[in-house]
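For clarity, every value in this text was computed on a predicted model and none was experimentally measured. Every heavy atom of this structure was used, including side-chain atoms; hydrogens, water molecules and symmetry mates were not.
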Amino acid sequence: MEHSIAIRDLTKRYGNFTAVSGLTLEVEPGSICGLLGPNGAGKSTTFKCLLGLARPTSGSIAIEGKPLTPATFQDLAYVPEKSALYENLTLAEHLEYYRRCYARYDAARASELIDMFKLDRKKKVGKFSKGQRTAVSLILAFSLRPRIFVLDEPASGLDPIFQRLVLDLMIEAAAGGASVLFSSHQIGQVERAADRVAILKNGKLVVDGSVDELKTTEKIVEAIFATAAPDIDGLAADPRIRRIERSGRIIRAYVSDGSEAIAKRFEEFSPRDVSIMDLGLEDIFLTAVDGRDATIPHGDLP
Amino acid sequence: MAAIFTVDPRSGVPLYLQLIEQVKRAVALGTLAPGEQLPTVKSLALDLTVNPNTVARAYRDLERDGIIETSPGRGSFVRSNGAPGEARRAAEDVAVAMLGEAIRQAKALGLERMRLEALLDDLVGRWFPPHGEE
């Protein structure tokens with residue numbers, strides 16, 4: 001199957017600053033990929049390169065197997081983090097503009113979406129709140145029924161009810177075969193809506209895989225000893241261990257894989273207890289972003 | 001209508017496993033009867049606000065395990081033959097894992113075997129009160 005989005009070995013430098021370094025990321029049809037990362041990790045730069053708004057220093061971008069051309073944007077909708085709208089035009093005028101520009105524009109769908117977001121189409125966009133502008137950008141994007149969505153912080157400024165609506169719109173689109181790449185600071189959104197997560201840190205991909213596979217392999221292995229925790233050979237060098245915490249009688253290893261094997265290794269030292277704990281995506285994110293640089297191998301994608 | 005399942009996306013347990021467990025539980029308890037239709041992948045994904053591929057994966061695994069059957073174009077149904085038996089076996093697996101974990105923790109807390117067995121006996125008696133002799 002052809003990738004909807006294929007970013008290959010993308011590097012973007014601004015002067016001496018490397019914003020994105022060697023990023024490879026693919027999104028399949030029907031998949032929702034959540035892009036996470038601290039501020040300045042390279043999410044927005046990745047989007048700019050993906051959309052042809054910035055020229056990659058090296059690497060390539062392909063949308064449905066082809067390089068970007070103006071025609072690409074008939075099938076791809078982009079919602080920028082800061083909405084790019086005409087302050088002096090009403091919502092209705094924005095819709096009319098879209099009707100003229102896009103063959104795929106669906107007026108009935110646009111009306112449904114306006115009702116869902118409870119917006120006044122006669123109002124000038126300049127008079128809308130930040131959240132309402134986000135809603136306008138989303139209405140425009142979803143009224144095109146595109147095959148690919150690129151959404152930069154699509155729920156920013158929205159209240160929890162509308163945030164949930166945005167997730168439902170993404171889920172509905174993916175169920176219909178569209179693919180979605182979205183960035184968010186709200187890990188819970190990615191945890192719900194995405195089947196795939198990519199975590200960037202300092203422009204590099206540090207985690208890439210299916211959310212469920214990551215939860216299957218990423219664990220904390222904790223051993224409690226009767227006396228001070230022993231030194232265990234080779235632990236620090238084990239590539240499956242992202243981080244080790246020690247305090248007194250406790251050793252805690254944050255592992256990216258092989259939790260059972262690490263637990264067995266601990267048991268050789270006769271601890272009082274060894275337990276393997278599950279990690280939510282927030283903990284996986286924090287561990288990956290705080291821990292040492294290492295790419296987790298791709299999990300099996302659903 | 002309320003969703004027939006609930007999941008906790010923030011849990012460290014993968015969502016597709018949570019869904020599988022919920023469906024098996026519903027079949028074991030009879031909330032879902034043999035032959036009953038399950039929601040479509042899309043409607044369950046929207047009901048729970050979770051990824052459609054996650055729901056699809058749960059359905060695929062449930063079909064492999066003989067709990068449901070899917071006929072193209074018609075949807076997914078609880079299997080008429082054997083599903084409750086399969087689900088009870090699955091429920092037993094879940095229960096054994098939970099009890100095993102509880103016993104492991106009790107041992108780690110320093111309980112002796114004899115004491116633990118006596119406590120388990122008490123606890124079992126609390127949930128299965130004797131009602132007359134056989």
Side-chain angles (χ1 to χ4, degrees), chain A residues 28-34 163-180 187-197 210-220 222-224 226 263 271-284 299-302, chain B residues 1 3 5-23 38-64 70 75-76 94 97-113 116:
Chain A
E28 312 304 326
S31 175
I32 302 176
C33 177
Q163 287 185 19
R164 184 55 70 89
L165 175 58
V166 175
L167 296 187
D168 282 339
L169 289 173
M170 286 165 42
I171 287 164
E172 196 179 22
S179 44
V180 181
I187 293 164
Q189 294 176 347
V190 175
E191 206 158 26
R192 274 190 175 276
D195 49 359
R196 167 91 180 273
V197 61
S210 121
V211 178
D212 277 352
E213 289 304 327
L214 288 169
K215 286 184 175 179
T216 306
T217 59
E218 297 265 335
K219 301 285 173 190
I220 298 175
E222 184 186 77
I224 301 169
R272 295 192 78 145
D273 188 33
V274 177
S275 51
I276 297 173
M277 287 172 276
D278 296 327
L279 288 170
L281 191 57
E282 183 166 359
D283 291 319
I284 294 171
D300 291 333
L301 295 174
Chain B
M1 196 186 76
F5 310 117
T6 54
V7 289
D8 175 10
R10 296 201 173 230
S11 149
V13 180
L15 272 174
Y16 81 96
L17 286 180
Q18 293 185 44
L19 265 177
I20 288 171
E21 209 182 298
Q22 292 257 325
V23 173
L38 282 109
T40 62
V41 167
K42 182 179 171 179
S43 74
L44 187 55
L46 283 169
D47 250 7
L48 300 173
T49 311
V50 299
N51 189 278
N53 286 327
T54 306
V55 178
R57 177 170 183 189
Y59 278 17
R60 272 200 305 279
D61 285 12
L62 285 162
E63 185 161 11
R64 186 202 57 204
T70 300
S76 299
V94 173
M98 290 189 320
L99 290 169
E101 173 62 18
I103 292 169
R104 184 191 67 73
Q105 290 193 28
K107 179 175 179 244
L109 289 167
L111 270 76
E112 302 290 340
R113 178 178 182 150
L116 187 56

Inset, instruction - Could you tell me whether R60(B) and E63(B) make a salt bridge, using a distance below 4.0 angstrom between a side-chain N and a carboxylate O? - result: no

Legend entry - Engaged part of V211(A) at the chain B interface, taking heavy atoms whose separation is under 4.5 Å: neither

Legend entry - Residues that E21(B) engages under side-chain contact (heavy atoms from CB on, under 4.5 Å), provided they are two or more places apart: V94(B)

Legend entry - Partner set under salt bridge (Lys or Arg N to Asp or Glu O under 4.0 Å) for R272(A), not counting sequence neighbours: none

Legend entry - Under 3.5 Å: donor-acceptor pair, side chain of D195(A), backbone of N53(B): no

Inset, instruction - Go through the atoms of I171(A) and report whether side chain, backbone, both or neither lie under 4.5 Å from a heavy atom of chain B. - result: both

Inset, instruction - Please state whether the side chain, the backbone, both or neither of S11(B) comes within less than 4.5 Å of a heavy atom of chain A. - result: backbone

Inset, instruction - Give, as side chain, backbone, both or neither, the part of V50(B) having an atom under 4.5 angstrom from any heavy atom of chain A. - result: both

